[in-house]
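Reading through the structure tokens given below for one structure.
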Amino acid sequence: MILKLIAPCKDYLWGGNRLREEYGKKLDSDKIAESWELSCHKDGQSVICGGEFNGKTLSEFIDAKGKSVLGTNCERFEYFPILIKLIDAKDNLSVQVHPSNDYAMRVEGEYGKTEMWYIVDCDEGAELLYGFRHDITKEEFARRIADNTLLEVTNNVPVHKGDVFFIEAGTLHAIGKGILIAEIQQNSNTTYRIYDYGRVGADGKPRQLHVDKAVDVTVLAPPKYPTKAVGNPLRVEGGVMTLLRECEYFTVHKLELDGTARLEADGSSFDSLLVLDGKAEISAEGESVRAEKGDSIFIAAGTGKYTISGKGEIIITDIDDMDDIGD
């Protein structure tokens, strides 16, 4: 089964208007910071557009059809495993960190968050914060937060379109202004904010910080992973496929489509398609869905072989068997 999804959107103060102007997102607000393209999270659920389940949430579809539509590789998760977003940072996001599963389940009652960023587009000279320049102690970390000198020891990285960053739980990070990102993450909304540039929220008060929890969970070292795609681009039927990242929570490929690509959503996992550019038609036996820039498509596990025809750039996410995941 092929489902087109409508994304809930968020109007955080650092957002811009590219998601509205270029990707067709809708929100009754003067800015759109995020669109949650694949979500079963309580803070914002994807809604199905068209077909038998039109107007229902993705969670309602899963409840109606059974968890087999997620695939056998999702059985190791207690609930829907991932959340996929588009993020438009017109201004800097706060410096933050996400906890591990163990800490988050104990303290927050939900999973922690490991995520990856794919740089969809960025302004010239844009950069993001990614870990530390060198190892520091917990005492120095707490002191620098208190005296506003934290940014003296953080690792700022220039970014370019197509870059990939893997943000393991515990990694200090912040998206810089002028960056548009596709984010694939664990299904969690737990974030510990450490530094927010002295900004205030809509109520005129400084936004809440979570310093004690951040000190508990932050890895006080340079980033562990390289800032590049994992795999080499491979010519496939209908385009070029590149492995961006694989881990226990998600596997992400980029398809540069130019023709007809033939894929399969077998019984092991669903496929999520996020169209970043161009137009495509996704077809399986007996059904077909048209998609264009900004559209998100859910293909249920067990749908079988399907085709993607057209020209554009598409992010494809699924859940791999643990035995198939490399280092």
Side-chain angles (χ1 to χ4, degrees), residues 2-5 23 37-38 70-71 73-74 81-82 84-86 114-122 159-166 180-185 225-285 288-327:
I2 304 172
L3 304 175
K4 180 181 284 190
L5 304 177
Y23 291 84
E37 297 296 329
L38 179 72
L70 303 183
N73 292 344
C74 292
I82 59 173
I84 298 178
K85 304 175 180 177
L86 286 172
T114 286
E115 61 194 21
M116 66 149 276
W117 295 338
Y118 174 75
I119 308 300
V120 179
D121 198 10
C122 60
V159 299
H160 307 89
K161 184 176 180 178
D163 285 348
V164 175
F165 294 83
F166 186 63
L180 182 67
I181 280 177
E183 178 177 275
I184 295 87
Q185 60 162 85
Y225 294 97
T227 58
K228 60 181 182 181
V230 175
N232 294 318
L234 298 175
R235 173 64 63 179
V236 297
E237 182 181 4
V240 175
M241 187 81 79
T242 305
L243 173 65
L244 299 182
R245 185 72 211 187
E246 59 179 353
C247 69
E248 62 183 298
Y249 305 113
F250 46 74
T251 296
V252 185
H253 290 83
K254 176 177 68 175
L255 172 61
E256 296 168 88
L257 180 68
D258 189 7
T260 298
R262 303 181 190 281
L263 303 174
E264 183 174 6
D266 60 19
S268 64
S269 177
F270 65 88
D271 280 3
S272 166
L273 277 55
L274 176 58
V275 182
L276 298 181
D277 198 17
K279 296 181 179 181
E281 184 170 356
I282 300 95
S283 301
E285 187 173 353
S288 181
V289 171
R290 294 179 182 272
E292 58 185 29
K293 182 176 180 177
D295 283 339
S296 178
I297 306 296
F298 177 87
I299 302 178
T303 296
K305 295 180 180 179
Y306 66 94
T307 61
I308 310 175
S309 299
K311 185 176 179 63
E313 182 178 348
I314 300 172
I315 296 294
I316 302 174
T317 304
D318 66 359
I319 311 298
D320 263 356
D321 188 291
M322 289 290 289
D323 292 338
D324 295 334
I325 298 169
D327 295 331

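Just so we're clear, the structure is a prediction, and the values are computed from it rather than from any experiment.
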Using every non-hydrogen atom in the two residues, find where [X] and [Y] come nearest and quote the distance to one decimal.
| X | Y | value |
| --- | --- | --- |
| Cys122 | Val159 | SG-O, 3.6 Å |
| Met116 | Phe250 | CG-CE1, 3.7 Å |
| Ile82 | Thr317 | CD1-CG2, 3.7 Å |
| Leu257 | Ser309 | CD2-C, 3.9 Å |
| Gly231 | Thr242 | O-CG2, 3.6 Å |
| Val289 | Lys4 | CG1-CE, 3.9 Å |

Say whether Asp318 and Ser269, considering side chains only, have a donor N or O and an acceptor N or O under 3.5 Å apart. no

Start with the C-alpha distance between Leu274 and Leu86, add both sets of side-chain angles, then the distance that settles side chain to side chain contact (heavy atoms under 4.5 Å, CB included), and finish with yes or no.
CA-CA 9 Å; Leu274 176 58; Leu86 286 172; 4.0 Å; yes

Sequence neighbours excluded, the answer for salt bridge (charged side-chain N to carboxylate O under 4.0 Å, His left out) partners of Asp163 is none

Holding to salt bridge (charged side-chain N to carboxylate O under 4.0 Å, His left out), I want the full list of residues that pass it with Asp258, two or more places apart in sequence or in another chain.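 Partners of Asp258 by the salt bridge (charged side-chain N to carboxylate O under 4.0 Å, His left out) criterion, ordered by chain and then number, come out as Lys311.
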
Rounded to the nearest 0.5 Å, what's the gap from [atom1] on [X] to [atom2] on [Y]? Could you check?
| X | Y | atom1 | atom2 | value |
| --- | --- | --- | --- | --- |
| Glu246 | Phe166 | CD | CZ | 10.0 Å |
| Asn73 | Asp321 | CG | CG | 5.0 Å |
| Glu248 | Asp320 | CD | CG | 12.0 Å |
| Ser268 | Ile319 | OG | CD1 | 10.0 Å |
| Ile308 | Leu255 | CD1 | CG | 5.5 Å |

So side-chain hydrogen bond (donor to acceptor under 3.5 Å, both in side chains) across residues 226-238, not counting sequence neighbours, yields Glu237-Arg262

side-chain hydrogen bond (donor to acceptor under 3.5 Å, both in side chains) filter on Glu183, not counting sequence neighbours, yields Trp117

Sorted by chain and residue number, the side-chain hydrogen bond (donor to acceptor under 3.5 Å, both in side chains) partners of Ser288 (sequence neighbours excluded) come out as Glu281, Ser283

By side chain to side chain contact (heavy atoms under 4.5 Å, CB included), Ala301 pairs with (sequence neighbours left out) none

- Message: Run the side chain to side chain contact (heavy atoms under 4.5 Å, CB included) test on Leu276 and Tyr118 for me, step by step, so that the C-alpha distance in whole Å, both residues' side-chain angles and the decisive distance to 0.1 Å come before the verdict.
- Response: CA-CA 11 Å; Leu276 298 181; Tyr118 174 75; 3.7 Å; yes

Residues 252-276 vs ring pair (Phe, Tyr, Trp, His ring centres under 6.0 Å), sequence neighbours excluded, gives Phe80-Phe270, Phe270-Phe298

Residues 302-322 vs ring pair (Phe, Tyr, Trp, His ring centres under 6.0 Å), sequence neighbours excluded, gives none

Pairs under 3.5 angstrom only: tabulate donor-acceptor contacts from the side chains of residues 290-297 to other protein residues two or more places apart or in another chain.
{"residue": "Asp295", "atom": "OD2", "partner": "Glu292", "partner atom": "N", "Å": "2.9"}
{"residue": "Ser296", "atom": "OG", "partner": "Glu37", "partner atom": "O", "Å": "2.8"}

Pairs where residues 298-309 contributes a residue and the test salt bridge (Lys or Arg N to Asp or Glu O under 4.0 Å) is met, not counting sequence neighbours:
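The answer is none; no pair qualifies.
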
Scan residues 264-280 for pairs that pass salt bridge (Lys or Arg N to Asp or Glu O under 4.0 Å), counting only residues two or more places apart or in two chains.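 Every candidate salt bridge (Lys or Arg N to Asp or Glu O under 4.0 Å) pair involving residues 264-280 fails, so no pair, neighbours aside, qualifies.
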
- Task: Quick one: do Ile316 and Leu263 satisfy side chain to side chain contact (heavy atoms under 4.5 Å, CB included)? Show the steps, please.
- Result: CA-CA 11 Å; Ile316 302 174; Leu263 303 174; 3.7 Å; yes

The ring-ring contact (aromatic ring centres under 6.0 Å, His included) partners of Tyr23 (sequence neighbours excluded) come to none

Do Leu38 and Ile184 have side chains that get closer than 4.5 Å, going by heavy atoms?
->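 No; the side chains remain at least 4.5 Å from each other.
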
Start with the C-alpha distance between Ile181 and Ile119, add both sets of side-chain angles, then the distance that settles side chain to side chain contact (heavy atoms under 4.5 Å, CB included), and finish with yes or no. CA-CA 5 Å; Ile181 280 177; Ile119 308 300; 3.7 Å; yes

